[in-house]
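Note sheet for the following structure.
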Amino acid sequence: MTSAPLGGRHGAGRGGSIYDLGYRVYEGPRLGRRAAVAALLRHTLRTAYGLGRSARSKIMPVGLVLLATLPALLAVGVIVLFAQFAQSDAAAGAADALSPVRYSTIFPFTAVLVFLFSASQAPELFGRDQLANTLPLYFSRAISRSDYAVARMLGLLIALLVLVLAPQLILFIGRVLVASDVMTGLADELPQVPTALLVGFIIALLVGSLAAAIAALTPRRSYATVAIVAVFLIPNVFAAILVSLDIGLFGQLAVLLSPADVLDGVNAFLFDSRADNITVRRARLEGWTYLVAAAIWTAASLAVLLRRYQRLAA
Amino acid sequence: MIHRMPVVAITLRSLLDRRRFWLMLLLAAVPVAITLLGRVLGDVTFSQIVFDRLVIQTVLPLIALVFGTGALGAELEDGTIVYLLAKPGRRFRIVLAKAAVAAGLTIALVLPATLLTGLIVATDAPDIVVPTVAYALAAVAGGTAYALGFLTLSSITSRALSIGLGYVLLWEGVLAGLLPGTQTFSIRQATLGLADALQGVDGETLDAGTSVTVLVVVILGSLALGSWRMSRYQLRGGD
Amino acid sequence: MTTEAPSQAAAISVEHVSRWYGNVVAVNDVSFSVGPGVTGLLGPNGAGKTTLLHMIAGLLAPSAGEVRVEGRPAWRDSEMYRHVGLVPERETVYPFLTGREFAIANARQQGLADPGAAAERAIALVELGDAADRRVGTYSKGMRQRIKMAAALVHEPPVLILDEPFNGMDPRQRLHMFELLRRMAEQGRTVLLSSHILEEVERMAESVLVIYAGRLAAAGDFRSIRRLMTDRPHVFHVRSTDDRRLASELLRLDCVFGVELDAKGLTVRTADLGQLTRHLPRIAKDTGISLRELRPTDDSLESVFAYLVGR
């Protein structure tokens, strides 16, 4: 209801309006489901890296990314130094060949960091809303329960992708720029890029969905953190022990039941390189079994995640 | 009913709550389960790895982390610490009581697990007895050091759980491999060194003297630092 | 009572105390002393009441100034807690303990000789006898406040500090609490309680400390404070046999700001109470008007508070 001017008379200084400032219903355009999901995705990403929050919440995620890029930075640094001092491509090439840091070995180096990141951030992303009881607020909007779970999951996935691919990116850029001719450098490095991207995606997906599923199961973030660490750590040791016993099938099963080892296997298989992990080497499984295992782990985790949010009381 | 030491009783009650305790019990049972499995499958030679990697390097620090950070952390976070602070007597007694509970619970879970693990294969491989006892004792000392260290950490920062995890996984895990010098500053290495020394084995770990020193320094230092911190603890926020 | 007596150590003495967190000043150069009886610390949320109470309770160090309880500095003096009982604002109490266990635990930590009996007495005082064996986690908000009270009273301290003690209590419980605290005060104890609810403080406290935005806006008996605020008009309601005539006479006085005439009588605003009370009877006598009713309309804590806060 809008105003009617006070007094109706012309002139003589009369006139003026009183406006109704009471509650009004929003009648304008609404952006709908896609925009809502996109907004949640953006928010999830920002929370994963502590953006828009105090400095304290940035320490872990940003610190872990920096640590993850360290090996790559060091490797590139070494190559550059060799190229400088040796003044010949052959020497730089040799340094490169000797370098333990390559696209295929980046993940084994940074695996722990990836697990730590997921253990530290996934509970934040999935547990907070449960603890603070803000889920009803989300579900009474255009977002459906599955939308919420998927949006959060996607956010975690992208956050992990950044962590996993940052070192690869640095390695790539370093090696291309160090090469005497950028074009040949690119030609040398590019073939590896799709593999690196694929492996990175699989890692982020598996770690992310597993961490998400665990984090979604409990509002208490510290439980989730320990549980996530445990699920990567304990089966790993378990598998190491069983494999060292050389009991064939059991050992192989144990390896496939250990997400950390599965990822190592995937990494080795897709890069067609020798696995860094003794357990994986000893298990002598066919490469594709790791891919299947990874797929099963991911699918199961996502199923648990979606089901949890379908059934959560909110 | 609350008995003689109210702080001990309250901490014990709060740590033994439902899920947390059962999860930790589950964790402690893992080495036993593996050994049982191995026994069934006929091989008993691997126990050393179980003790070394599984018990000392994984289960022990994780359990100590949960109990150590939980003993004080919860009260600091929700403000109920005021009921302990607004009482006569030195703050040291509060820290000591909580440390006793955290270490005690850790030991209560890990010690039987270690002994049981050895027991399962003892009949077939009697020479496992010495390592079992050695690792058990080392776990007691190491568990105490871990629990107290994490307890003190939780009195300093509210992110003690994540930082403690980072310490165990990164510092003691990854870094120890890369930079041998850090081994002296690692509770894990000290515990392993103690275990080796008690067995009379000369492993690649720290020698007996250094191991014991490290553990003692961590235990006493944690108590001292924790007491100092709690005696100056300021209750902020509110209003 | 707010006392200036330097001969005895006041129960609580706060001297030029400030507390800041970085750039934010929570308490700004506050000085007062508190003695036996009930004193109310009044202020809106965020004024610094809890910060001030935490400093008095020795749980927070002042950034500047001195806080003394019974003559000794409050910060880092754990023996003080034998004489001080604190009822904190935060609701959370160990949910897994029963009320009785919680009271006994507090009694034991105080080092009492017979913790069980002391706990029973305290529980009886707060009338939680029936619920004492239930877990605190099942308590209502008001019950939790009462068990916190019991825990603070278990060692019968001469000084009692309560932060928003009536939060969540229903009127009957509040009344009971009033009585309890009054009794404590009559026994000679020092009771300092904070609140942002004026009616409570008005009923309970003999003297009042008004704190706003970290500063002490006023201290003392609120009626005296009122009288000290000479630059704000007192408002009176007068009924007489000839209101209109009285109104025009009153408007002649310098000390009268405004007069409002309505069916119920006159509402007179004056800057100087003393002058008005001298003039009014004289006017009445000279004009032959009889005064039927004369009462102040704003001598409540509310108006005092509103004025101080608006300053």
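In the text below, chain A, chain B and the rest are named by the order of the sequence lines, each starting its count at 1. Just so we're clear, the structure is a prediction, and the values are computed from it rather than from any experiment.
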Discussion item. What's the separation between atom CG in Leu235(B) and atom OG1 in Thr51(C), rounded to the nearest 0.5 Å?
Written reply: 10.0 Å
Worksheet entry | Contact leader toward chain B among Asp163(C), Val93(C), Leu86(C), Thr98(C), where contacts are heavy-atom pairs under 4.5 Å | Val93(C)
Discussion item. Does Arg215(C), at its CZ atom, have more than 12 non-hydrogen atoms belonging to other residues, nucleotides or ligands within less than 6.0 Å?
Written reply: no
Worksheet item: Which pair of heavy atoms, one from Arg90(B) and one from Ser78(C), lies closest together, and at what distance?
Response: N-OG, 4.5 Å
Practice prompt. Please lay out, stage by stage, how Gln234(B) and Met55(C) fare under the test side-chain contact (heavy atoms from CB on, under 4.5 Å).
Written response: CA-CA 9 Å; Gln234(B) 301 197 51; Met55(C) 285 195 282; over 6 Å; no
Practice prompt. Under 4.5 Å, heavy atom to heavy atom: which of residues 72-88 of chain B reach chain C? Give them by number, or say none.
Written response: Glu75(B), Glu77(B), Asp78(B), Gly79(B), Thr80(B), Val82(B), Tyr83(B), Leu84(B), Leu85(B), Ala86(B), Lys87(B), Pro88(B)
Worksheet entry | Any side-chain heavy-atom pair of Ser14(B) and Tyr94(C) under 4.5 Å | no
Item to complete: Apply the test side-chain contact (heavy atoms from CB on, under 4.5 Å) to residues Gln109(C) and Val7(B): give CA-CA distance (whole Å), side-chain angles for both, the deciding distance (0.1 Å), then the verdict.
Response: CA-CA 8 Å; Gln109(C) 287 181 63; Val7(B) 181; 4.1 Å; yes
Item to complete: Side chain from CB out, backbone as N, CA, C, O: work out which of these in Ala61(C) comes under 4.5 Å of a heavy atom of chain B, or both, or neither.
Response: both
Fill in: Proximal component of Arg93(B), with respect to chain C [non-hydrogen, under 4.5 Å]
neither
Item to complete: Just give me the residue among His155(C), Glu91(C), Arg19(C), Met80(C) that pairs up with chain B most often, heavy atom to heavy atom, under 4.5 Å.
Response: Arg19(C)
For residues 118-132 of chain C, run the donor-acceptor check on the side chains, cut-off 3.5 Å, and write out each pair with its distance to 0.1 Å, sequence neighbours left out.
unit_1, atom_1, unit_2, atom_2, d
Glu120(C), OE1, Arg100(C), NH2, 3.3
Glu120(C), OE2, Arg100(C), NE, 2.5
Glu120(C), OE2, Arg100(C), NH2, 3.4

Worksheet item: Which is it for His54(C) and Arg236(B) under the side-chain contact (heavy atoms from CB on, under 4.5 Å) test, yes or no, and what are the steps along the way?
Response: CA-CA 8 Å; His54(C) 279 178; Arg236(B) 292 157 199 258; over 6 Å; no
